[in-house]
Amino acid sequence: MPAADAHARYPELPPWDGDVASARALQVELAARVSLQDTGSEPRRIAGVDVGFEEGGAITRAVAVLLDAATLDPLDEVVARLPTRMPYIPGLLSFRELPAVLVALGRLAASPDLVLVDGHGIAHPRGLGIAAHLGVLTGLPTIGVAKSILVGSHDELPAQRGACVPLRHRGRVIGSVLRSKDKVRPLIVSPGHRVSLVRAPQIVLACCRGYRLPEPTRLADRLASRRGPGACSDE
DNA sequence: GCGACAG
DNA sequence: ATCTTGTCGC
């Protein structure tokens, strides 16, 4: 996909025009298209996506990594850089980051059967966090893995890895608060699309390998922001 | 009206 | 998200 055609290709992701009210209205429409039904089949390839910024925010850098679902070994990684076209507005994150994410995902060597996104799924004021928005756009099963709560509340969570309690909002369960590692801040996991509330945290926990973040998101995160071992593309 | 607010 | 070194704790 030509590095800036996400808008033309997806009517559900219009270019930013400063109209917050209509963007929110669109989210309400798209949220009605979200499915919380599991696919039934086990994923063979799982992708992880995350976004970082360069040049003081002028450049949006999206990273997509593809992993073998069985071994969690990396199969491919893509970095896409696009000029930033919108400011960060709580609740409208997907409109700002998805254009770059779609380009990165489209350049992967193979399409994933599931995508883990750094951000929320349906655990959002209008039920359409970035993972849910991406799922509705592409039709791919997606799960939101956030590092903090946007909306909702929950009971106390045990300190041991694997502990999981429901995240509720307006009397509804919208996700899970999951302890992915002993004594670290929990992850906020919510279905994005075509994944159930029950399976989302199970899948995410199964993707954790001793770090707080599950491998798909952790590897994408490492390339999107920090400079760690293997983060340099040249030399 | 006041505070909260993914990344 | 990003600006940023060393440091406290498991």
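It should be emphasised that the depicted structure is a prediction, and the values quoted were computed from it without experimental measurement. Throughout, a chain's letter reflects where its sequence line sits, starting with A, and its residues are numbered from 1.
Look at CD on A/E54: it is 10 Å from P on C/dC3, rounded to the nearest Å. In this structure, A/R126 places its CZ atom 13 Å from P of B/dA6, rounding to the nearest Å. Between A/L223 atom CG and C/dA1 atom P the separation is 14 Å, expressed in whole Å. Atom CG of A/D50 is separated from atom C1' of C/dT2 by 13 Å (rounded to the nearest Å). Note: CZ (A/R85) to C1' (C/dA1) measures 19 Å, nearest angstrom. A straight line from CG of A/L92 to C1' of C/dA1 spans 16 Å, rounded to a whole angstrom. Distance A/I89 CD1 to B/dG7 C1': 13 Å, rounded to the nearest Å. Note: CG (A/D221) to C1' (B/dA6) measures 13 Å, nearest angstrom.
Residue A/E55 qualifies as open at atom CD: its count of foreign heavy atoms under 6.0 Å is 12 or below. Sparse packing is recorded around CG of A/D155, with 12 or fewer heavy atoms of other residues, nucleotides or ligands lying under 6.0 Å away.
As judged by a 4.0 angstrom heavy-atom cut-off over every strand, A/G57 is placed among residues making no nucleic acid contact. Among the heavy atoms of the strands lying under 4.0 Å from A/G52 are primed sugar atoms or P, OP1, OP2 only; no base atom is included. A/I130 comes within 4.0 angstrom of a nucleotide base, judged by non-hydrogen atoms across all strands. Counting non-hydrogen atoms under 4.0 angstrom, A/L98 reaches nothing in the nucleic acid. As judged by a 4.0 angstrom heavy-atom cut-off over every strand, A/D182 is placed among residues making no nucleic acid contact.
Nowhere does DNA chain B pair in an unbroken run of 3 or more (Watson-Crick or G-U, both distances under 3.5 Å).
Of all heavy-atom pairs between A/G192 and A/I122, the closest is O-CG2, 4.3 Å. Looking at every heavy atom in both residues, A/A23 comes nearest to A/F95 through O-CZ, 3.8 Å. When every heavy atom of A/A62 is checked against every heavy atom of A/A104, the shortest pair comes out as O-CB, 3.9 Å.
Between A/K147 and C/dA1 there is a side-chain polar atom (N or O) within less than 4.0 angstrom of OP1 or OP2. Checking the phosphate oxygens (OP1, OP2) of B/dA6, no side-chain nitrogen or oxygen of A/S94 falls inside 4.0 Å.
Stacking annotation: A/Y88 is not stacked on the base of C/dA1 (requires ring centroids less than 5.5 angstrom apart and an interplanar angle below 30 degrees).
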Under the 3.5 Å Watson-Crick or G-U criterion, the dot-bracket string of DNA chain C, with | for inter-strand pairs: ..........
Test log, rule side chain to side chain donor-acceptor pair (under 3.5 Å), inputs A/D118 and A/T217: CA-CA 6 Å; A/D118 190 331; A/T217 291; 6.0 Å; no
A/D76 and A/V65: CA distance, side-chain angles, deciding distance, side-chain contact (heavy atoms from CB on, under 4.5 Å) verdict: CA-CA 6 Å; A/D76 189 25; A/V65 298; over 6 Å; no
Salt bridge (Lys or Arg N to Asp or Glu O under 4.0 Å) evaluation trace for A/E42 with A/R199: CA-CA 11 Å; A/E42 293 302 309; A/R199 269 199 80 194; 3.5 Å; yes
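The pair A/E215-A/R209 does not meet the salt-bridge criterion, since no charged nitrogen lies less than 4.0 angstrom from a carboxylate oxygen.
The side chain of A/K183 lies closest to C/dC10, out of B/dC5, C/dT2, C/dC10.
Residue A/V117 is tested with A/D50, A/L98, A/I130 for a side-chain contact (heavy atoms from CB on, under 4.5 Å); the sole match is A/I130.
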